[in-house]
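To keep things clear, I will list the structure first and then write my remarks on it.
Just so it is clear: chains get the letters A, B, ... in the order the sequence lines come, proteins before strands, and each one is counted from 1. Excluded from the calculations below are hydrogen atoms, water molecules and symmetry mates; all remaining heavy atoms, backbone and side chain alike, are included.
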There are 2 protein chains.
Amino acid sequence: MADTLLVSVAPAPGSRKADLLAASRRLFSERGYASTSMRDLAEALDMRPASLYSHYRSKEDILWEIALDCARAFHHRVLPLAEAGSPPGDRLAAMLKAHVEVIIEWRDSAAIFFREWKHLEGQRREQYAALIHEYETAFVQIIEEGITSGEFQPLDSHLSAYAMLSSANWIHRWYQPGKSLSPEAIGDYIASMALNGLRNDTAPLREAGGEHEGKA
Amino acid sequence: MADTLLVSVAPAPGSRKADLLAASRRLFSERGYASTSMRDLAEALDMRPASLYSHYRSKEDILWEIALDCARAFHHRVLPLAEAGSPPGDRLAAMLKAHVEVIIEWRDSAAIFFREWKHLEGQRREQYAALIHEYETAFVQIIEEGITSGEFQPLDSHLSAYAMLSSANWIHRWYQPGKSLSPEAIGDYIASMALNGLRNDTAPLREAGGEHEGKA
DNA sequence: TATCTTGCCTAACGATCGTTAGGTAGTTTT
DNA sequence: AAAACTACCTAACGATCGTTAGGCAAGATA
């Protein structure tokens, strides 16, 4: 659909433009887009604010490039895994694991993929919302496949997809490279929890799903 | 610890101050704190910007009150459920369900509990971070109880707690009253997914937990 | 050598920000 | 009836915002 958006045009590594992108990713992610001024970015790069406009025509142009970069990573590395021929559970686990790895690898801009893109305006915002919707739909569809085949419980597919993606999307809040588990181990945990839950299957089973249970 | 922070001093319902809080909750949640100006708030209430200062001494004072209100709801309605005498799995399910219900009931300020509090400064920010940490720790501890008793799999307790809270914290992004499921049903889904996972237990079992599985 | 381009600079524009000073009409308290 | 308080107002302050105009030195190109 919006595939032309996803063709990479990354600046040369080590160039001043790449430095600007890196600093923007970090500051937008830490403080938020609205709370990061062009003067903040300039200071981080030891430049004058006006000089930034030699590389980008506006603050929103920077956000747009960062947001697209991150969307590219998710689309290119996760979505192809939806199409393998294995059972839905295996494919979903692989997708979740790849999703987690992208989040960790793109730590600084993952927050932008989830949050800060809302500061885009007009057509860009609509295009980006479509990219995100397309991405989420891949998870919804594979869950529906699994429900149809009987491999998954007949839960609400949208709610399930949002729940498992959300559980991954918070990683950038607490992940610390070196101190936390490896990206692969975290991916395995998240995938396992989404598919098998926290409960130990060898313990006495309980009824699944949901009626009420003693609400105040 | 910071219990005095959690004593409610809510303004009378229907008062102008309550209107201001409601408008602030909605706008801070929709656009973010930094992108909402005092003039925006004034316009939403059909007032002049300066008049807001008859009710609050600063913009941050408004954020602080909203953030505390929301923290109160979580602490008062969820944490007591951690202390019942039932098995960890049952208590955790009840806590998650209550957590979801608070998120939905406090839809407009839940985003502030999770995100916008970072715009608090100095001592307030530290106090609020402590409140959130205290809240999360209750989930971590009950998971550790369940692991010790053998009811839960021996997964990382912090990671598990963050993952299940996160899966709930995204609800405010898509929940639409009337159109979505009831808060109770969503709470049951989230709790069931966290404990039992998506996979149907009557289907052929797979190994749980986490080693690697054929990464590219 | 002459011209063009690149990447930075100084200076400043107009808009918008949170906030304050000072006033006024209506209500409540003394 | 006098005083005090409440909830709003007009006007404006200084700071900061994204951005632009115009210049200048160094390297690339002709």
Side-chain angles (χ1 to χ4, degrees), chain A residues 9-67 112 116-125, chain B residues 9-67 112 116-125:
Chain A
V9 281
S15 70
R16 213 77 176 95
K17 195 164 179 173
D19 291 345
L20 170 54
L21 279 182
S24 305
R25 268 191 276 265
R26 189 171 50 82
L27 290 178
F28 289 171
S29 175
E30 281 174 10
R31 313 179 186 175
Y33 175 77
S35 299
T36 303
S37 68
M38 294 299 268
R39 286 165 178 82
D40 291 334
L41 292 177
E43 193 179 10
L45 294 158
D46 204 25
M47 296 171 88
R48 305 308 135 213
S51 307
L52 301 174
Y53 291 84
S54 297
H55 302 285
Y56 287 93
R57 292 172 51 182
S58 71
K59 188 184 174 188
E60 196 191 302
D61 277 11
I62 302 177
L63 177 63
W64 178 239
E65 178 137 340
I66 292 175
I112 291 161
E116 304 298 330
W117 67 271
K118 297 224 169 190
H119 290 103
L120 293 170
E121 292 190 345
Q123 196 186 357
R124 280 176 170 175
R125 185 172 162 150
Chain B
V9 282
S15 69
R16 213 77 175 96
K17 195 164 178 172
D19 291 345
L20 170 55
L21 279 182
S24 303
R25 268 191 275 265
R26 189 171 49 82
L27 291 179
F28 288 172
S29 175
E30 280 174 10
R31 313 179 187 175
Y33 174 78
S35 299
T36 303
S37 68
M38 294 300 269
R39 287 164 178 83
D40 291 334
L41 292 177
E43 193 180 10
L45 293 159
D46 204 26
M47 296 170 88
R48 303 309 136 214
S51 307
L52 301 174
Y53 290 85
S54 298
H55 302 283
Y56 287 94
R57 292 170 51 183
S58 73
K59 188 185 174 188
E60 195 191 301
D61 277 11
I62 303 177
L63 177 64
W64 178 238
E65 178 138 339
I66 293 175
I112 290 160
E116 304 298 331
W117 68 271
K118 297 224 169 190
H119 291 103
L120 293 170
E121 292 190 345
Q123 196 185 356
R124 280 176 170 173
R125 185 172 161 150

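- Taking 4.5 Å as the limit, every side-chain heavy atom of W117(B) sits out of range of all side-chain heavy atoms of R124(B).
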>> One character per nucleotide, please: for nucleotides 10-21 of chain D, 5' to 3', B when the base has a protein heavy atom closer than 4.0 Å, S when only the sugar-phosphate does, - otherwise.
In response: BBB----BBBBB
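- Both tests do not hold together for K118(B) against Y33(B): distance to the six-membered ring centre under 6.0 Å, angle to the ring axis within 45°.
- The separation between L20(B) atom CG and dA7(D) atom P is 12 Å, rounded to whole Å.
- Closest approach of L52(A) to M38(A), counting heavy atoms only: CD1-O, 3.2 Å.
- Counting only heavy atoms from C-beta outward, the side chains of D40(B) and R31(B) approach each other to under 4.5 Å.
- Look at OH on Y56(B): it is 17 Å from C1' on dC8(D), rounded to the nearest Å.
- Looking at every heavy atom in both residues, A42(A) comes nearest to R48(A) through CB-C, 3.7 Å.
- Under 4.0 angstrom from either OP1 or OP2 of dT6(D) there lies no side-chain N or O belonging to H55(B).
- Rounded to an integer number of Å, the gap from L52(A) CG to dG7(C) P is 13 Å.
- Few gaps surround CD on E30(A); more than 12 heavy atoms of other groups in view lie less than 6.0 Å from it.
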